[in-house]
Amino acid sequence: MINFFNTLTGKKEAFVPINAGEVKLYTCGPTVYDFAHVGNFRAYIFEDLLKRFLQFMGYKVVHIMNITDIDDKTIRGANAQGVDLNTYTQKYIDAFFKDIDTLNILRADTYPRATEHIPEMVAIVKQLIQKGYAYKKDGSYYFSIAKFPAYGRLSKINLEELQPGQRVDADEYEKETVHDFALWKAKKEGEPFWETEIGPGRPGWHIECSAMSSKYLGETFDIHCGGVDNIFPHHENEIAQSEAASGKKFVDYWLHCHHLIRDGEKMSKSRGNTITIPEILKVKNNPAALRLLLLSTHYRKTLNFSFQALDQAETALERINEFAGKVKYVPYPEGETSQVARILAEADQWFRAGLSDDLNISKAMTALFNLIKKVDVAIARADFKSQDAQKVDLFIRSINTVLGVITPIKSETAVVDTLRHKLNLIPPRVIVADETEMPKITAQQKDKIERRQEARAEKDFAKADQIRDELAAEGILLEDTKDGVRWKAVPIPKKPG
RNA sequence: GGCGCGGUACCCAAGAGGCUAAGGGAGAGGUCUGCAAAACCUCGAUUCGGCGGUUCGAGUCCGCCCCGCGCCUCCA
């Protein structure tokens with residue numbers, strides 16, 4: 001059974017989708033007025049983990065993520081640059097998708113844009129007018145929260161105790177009550193507008209999510225995600241609009257991701273302490289390590305971003321990759337042992353149990369590391385066979401459909417018979433198990449490995465070390481083991497800055 | 001002021017009444033080795049922000065206090 005912490009009830013609850021075997025998921029996407037920062041992607045990675053885990057557990061997931069391409073900031077940005085709205089937002093949309101791919105985040109089924117769903121929004125506003133939840137003032141339409149008694153249920157906010165911020169009063173639009181919010185904003189000088197049945201203007205912020213979620217997922221759907229800062233007012237307002245319009249429950253499970261902080265402070269554009277994915281990768285070019293870092297703190301806990309933490313994630317990931325490669329590429333004797341099935345069953349159980357418990361990623365990672373430890377011990381004792389390796393490899397691939405970070409390191413131990421070479425019995429040679437499975441290595445590089453082995457046999461260590469350095473600069477790492485020289489292909493380290 | 005989250009080893013981080021307080025990183029010792037690196041093995045908190053209380057038994061429940069953070073206004 002899968003449990004999720006539901007913001008609506010404030011409790012962990014058993015997850016039961018409306019239609020068995022199918023999950024309808026809506027996640028709040030970016031407002032494309034600037035480049036998204038890591039904090040934004042922490043939320044998208046959490047949602048990706050959620051989605052991948054549901055798929056792993058056999059659910060079909062229909063995932064919608066909106067793109068807010070019209071709001072105060074996009075309009076301001078476009079006007080400042082003297083370009084039209086679409087031209088302005090497109091470069092941020094492109095950057096967003098590029099980062100999504102870099103972080104190996106699965107694409108949503110649809111990324112509806114606000115500007116392409118004006119008629120759907122107008123239809124909801126009309127319904128709200130008709131049912132008496134909306135009123136018009138100076139060409140704008142507002143939602144009257146006094147008409148919706150359940151208002152505040154999600155955020156647990158008691159309106160009477162709310163201390164309105166100063167900027168509420170500074171709102172340029174006329175409202176009956178401060179907390180009423182705009183559904184539709186009347187046409188204004190210097191702003192894009194649409195001619196509609198409810199008059200010329202543009203949508204308020206919240207209405208797009210109500211309109212687009214119901215269009216693609218239905219009036220009631222399973223899960224709605226976002227950052228905690230969306231709980232109020234955005235999601236509260238969505239509930240009010242949608243439930244007032246449809247007369248039905250809007251969403252069963254609300255899951256909210258906590259913030260990513262930097263130096264103890266929330267990372268946000270308004271504070272100016274943001275950092276983007278490309279900026280991070282300029283310092284440490286390892287997207288999978290970044291993904292692991294963002295993934296490995298539980299989503300309801302604040303995550304403090306630092307490059308030290310990124311280094312730790314990278315080291316941990318290398319260990320996993322090393323192990324995955326050892327299982328996938330290294331040949332073992334035919335057969336199987338009895339213990340590996342047991343180790344795997346235990347790891348599988350922990351992995352599922354962990355993620356089933358409100359996405360407890362720590363427990364899931366523990367399952368993986370304990371597996372690694374136990375199998376490594378078995379390998380060290382030569383108590384590990386080829387069929388064991390296949391099963392472990394399969395398991396790793398399976399959990400990697402959820403984690404999305406593992407790339408087995410391809411490497412091979414070259415057995416060079418230096419003694420026989422010295423006696424001129426055979427030429428030195430690098431023995432490779434399966435050429436097609438090997439990482440990229442040139443004949444020249446192989447030749448160098450052989451020449452280094454010759455140098456070592458002749459105790460010309462200066463030459464041997466020089467060759468090792470040359471290969472390292474080319475991304476081929478040499479390691480002398482008791483079985484021979486082992487090489488692996490690694491990314492060539494980049495100089496920061 | 002209201003609502004909410006968190007404080008567990010040098011760092012990150014599980015655990016939410018009872019077998020020896022997961023796991024990762026760093027560190028120490030070891031195997032291997034020309035050296036190095038890597039890989040692997042072993043070790044590591046008598047103690048969970050503080051003080052009281054409940055209990056046979058408390059990181060875990062209750063009370064008070066201290067500290068950090070978020071939301072209440074556009075924000076993932």
Side-chain angles (χ1 to χ4, degrees), chain A residues 7 10 27-31 33 36-47 68 71-73 152 155-171 178-179 205 225-234 236 256-261 264-271 292-293 296-304 306 308-309 311-320 322-323 326 350 354 357 360-370 372-373 376-377 379-381 411 413 456 459-462 464-465 468-469 472 477-483 486-488:
Chain A
T7 308
T27 61
C28 277
T31 300
Y33 72 102
H37 57 73
V38 225
N40 301 119
F41 284 100
R42 198 246 169 137
Y44 306 144
I45 290 225
F46 141 65
E47 289 151 4
T68 303
D71 79 319
D72 294 352
K73 284 180 235 182
S155 52
K156 279 117 192 123
I157 276 175
N158 181 343
L159 284 175
E160 267 118 61
E161 288 168 0
L162 261 183
Q163 287 193 342
Q166 292 167 324
R167 282 177 55 190
V168 173
D169 295 328
D171 197 302
V178 279
H179 296 295
W205 173 34
C225 300
V228 283
D229 50 357
N230 277 153
I231 296 172
F232 189 89
H234 185 50
E236 196 71 69
H256 291 98
C257 173
H258 281 239
H259 286 294
L260 179 147
I261 61 172
E265 272 201 335
K266 177 184 172 182
M267 180 178 289
S268 69
K269 287 165 185 168
S270 48
R271 283 178 208 253
L292 181 62
L293 173 64
S296 54
T297 293
H298 183 76
Y299 76 94
R300 284 194 293 115
K301 184 161 179 166
T302 307
L303 166 63
N304 197 355
S306 70
Q308 189 205 350
D311 283 339
Q312 292 192 2
E314 183 177 51
T315 310
L317 179 58
E318 269 169 17
R319 175 145 170 244
I320 297 168
E322 181 76 34
F323 176 79
K326 183 158 47 184
W350 266 73
D357 180 18
N360 186 334
I361 186 70
S362 296
K363 193 169 178 182
M365 293 309 290
T366 296
L368 174 57
F369 282 111
N370 283 342
I372 290 175
K373 173 79 134 240
D376 272 338
V377 170
I379 292 173
R381 287 184 190 148
S411 65
T413 300
R456 290 182 70 215
K459 299 213 181 291
D460 184 357
F461 298 121
D465 290 351
R468 183 168 63 198
D469 291 345
L477 223 65
L478 295 189
E479 294 157 8
D480 298 320
T481 74
K482 63 176 188 286
D483 299 320
R486 172 175 188 258
W487 59 269
K488 61 184 179 188

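Note on naming: letters A, B, ... go to the chains in the order of the sequence lines (proteins, then strands), and numbering restarts at 1 for each one.
A:H256 comes within 4.0 angstrom of nothing in the nucleic acid, heavy atoms only. Within the 4.0 angstrom heavy-atom criterion, base atoms lie near A:L260. Note on A:D465: a base of the nucleic acid sits closer than 4.0 angstrom, heavy atoms only. Using a 4.0 Å heavy-atom cutoff across all strands shown, A:E47 reaches no nucleic acid atom at all. At a threshold of 4.0 angstrom between heavy atoms, the contacts of A:G226 are confined to the sugar-phosphate backbone, with no base atom among them. Among the heavy atoms of the strands, none lies under 4.0 Å from A:T27. Among the heavy atoms of the strands lying under 4.0 Å from A:D376 are primed sugar atoms or P, OP1, OP2 only; no base atom is included.
Summarising the geometry, the separation between CZ on A:R381 and C1' on B:C41 is reported as 10 Å, rounded to the nearest angstrom. When rounded to the nearest whole Å, the span between OH of A:Y299 and P of B:G6 equals 12 Å. Straight-line distance from the CD1 atom of A:I379 to the C1' atom of B:C32: 17 Å, rounded to whole Å. Distance, A:M267 CE to B:G70 C1': 15 Å, rounded to whole Å. When the C1' atom of B:C11 is taken as reference, atom CD of A:E314 falls 17 Å away, rounded to whole Å. One interatomic measurement links the two molecules: CZ of A:R456 to C1' of B:A36, which rounds to 11 Å at whole-angstrom precision. One can place CG of A:N304 at 20 Å from P of B:G25, the figure rounded to the nearest angstrom. The CD atom of A:E318 sits 16 Å away from the C1' atom of B:C40 (whole-angstrom rounding).
A:R468 is linked by a salt bridge (Lys or Arg N to Asp or Glu O under 4.0 Å) to A:D465, counting only residues two or more places apart in sequence or in another chain. With sequence neighbours excluded, the residues satisfying ring pair (Phe, Tyr, Trp, His ring centres under 6.0 Å) with A:Y44 are A:F41, A:F96.
In this structure the side chain of A:V228 reaches within 4.5 angstrom of the side chain of A:H259, judged on heavy atoms. Looking at A:W350 and A:L368, their side chains never come closer than 4.5 Å, going by heavy atoms from C-beta outward. Side-chain contact between A:I320 and A:M365: present, with at least one pair of heavy atoms (C-beta onward) separated by less than 4.5 Å. Considering only heavy atoms from C-beta on, A:R319 stays 4.5 Å or farther from A:T315 through its side chain.
For the C1' atom pair drawn from B:G63 and B:U55, the interatomic distance equals 16 Å after rounding to whole Å. Annotation: B:C19 and B:C62 have their C1' atoms spaced 26 Å apart (nearest Å). Rounded to the nearest Å, the gap between the C1' atom of B:A38 and that of B:G30 is 16 Å. Comparing the same atom, P, in B:U54 and in B:C10 gives a spacing of 32 Å after rounding to whole Å. Across the C1' atoms, B:G27 and B:G17 are found 35 Å apart, a figure rounded to whole Å. A gap of 12 Å separates the P atoms of B:G24 and B:C43, to the nearest Å. B:C74 sits 30 Å from B:A13 when the P atoms are compared, rounded to a whole Å. Straight-line distance between the P atoms of B:C5 and B:A14: roughly 15 Å, to the nearest whole Å.
Judged by Watson-Crick or G-U wobble contacts below 3.5 Å, the nucleotide B:C35 has no partner. Base pairing annotation: B:A28 forms a Watson-Crick or G-U wobble pair with B:U42, both donor-acceptor distances under 3.5 Å. Under the Watson-Crick or G-U wobble criterion, with both distances below 3.5 Å, B:C48 has no partner in any strand shown. Pairing partner, B:G68: B:C5, with both Watson-Crick or wobble hydrogen-bond distances short of 3.5 Å. Base pairing of B:G59: no nucleotide in any strand meets the Watson-Crick or G-U wobble criterion (both distances under 3.5 Å).
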**Report entry** Working for side chain to side chain contact (heavy atoms under 4.5 Å, CB included), residues A:H37 and A:L260
**Finding:** CA-CA 10 Å; A:H37 57 73; A:L260 179 147; over 6 Å; no

**Report entry** Derivation of the side chain to side chain contact (heavy atoms under 4.5 Å, CB included) call for A:H258 and A:R300
**Finding:** CA-CA 5 Å; A:H258 281 239; A:R300 284 194 293 115; 4.0 Å; yes

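In B:G59 the base sits syn relative to the sugar, since the glycosidic angle is no further than 90° from 0.
Note that the CD atom of A:E47 and the SG atom of A:C28 stand 8.0 Å from one another [nearest 0.5 Å].
In this structure, of B:C5, B:G70, B:C35, it is B:G70 that holds the atom nearest to the side chain of A:V228. Among the nucleotides B:G34, B:C74, B:C71, the one closest to any side-chain atom of A:F232 is B:C71.
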Check: protein-nucleotides 17-24 of chain B nitrogen or oxygen pairs below 3.5 Å:
unit_1: B:A22; atom_1: N3; unit_2: A:T366; atom_2: OG1; d: 2.9
unit_1: B:G23; atom_1: O4'; unit_2: A:T366; atom_2: OG1; d: 3.4
unit_1: B:G24; atom_1: N2; unit_2: A:Q312; atom_2: OE1; d: 2.8

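A donor N or O paired with an acceptor N or O is not found under 3.5 Å between the base of B:A37 and the side-chain atoms of A:R468.
Side-chain N or O atoms of A:R42 include none that pairs as donor or acceptor with a backbone N or O of A:T302 at under 3.5 Å.
Along RNA chain B, the nucleotide nearest to A:L293 and the one nearest to A:D357 differ in position, and the one closer to the 5' end is contacted by A:L293.
OP1 or OP2 of B:A14 has at least one side-chain nitrogen or oxygen of A:K301 nearer than 4.0 Å.
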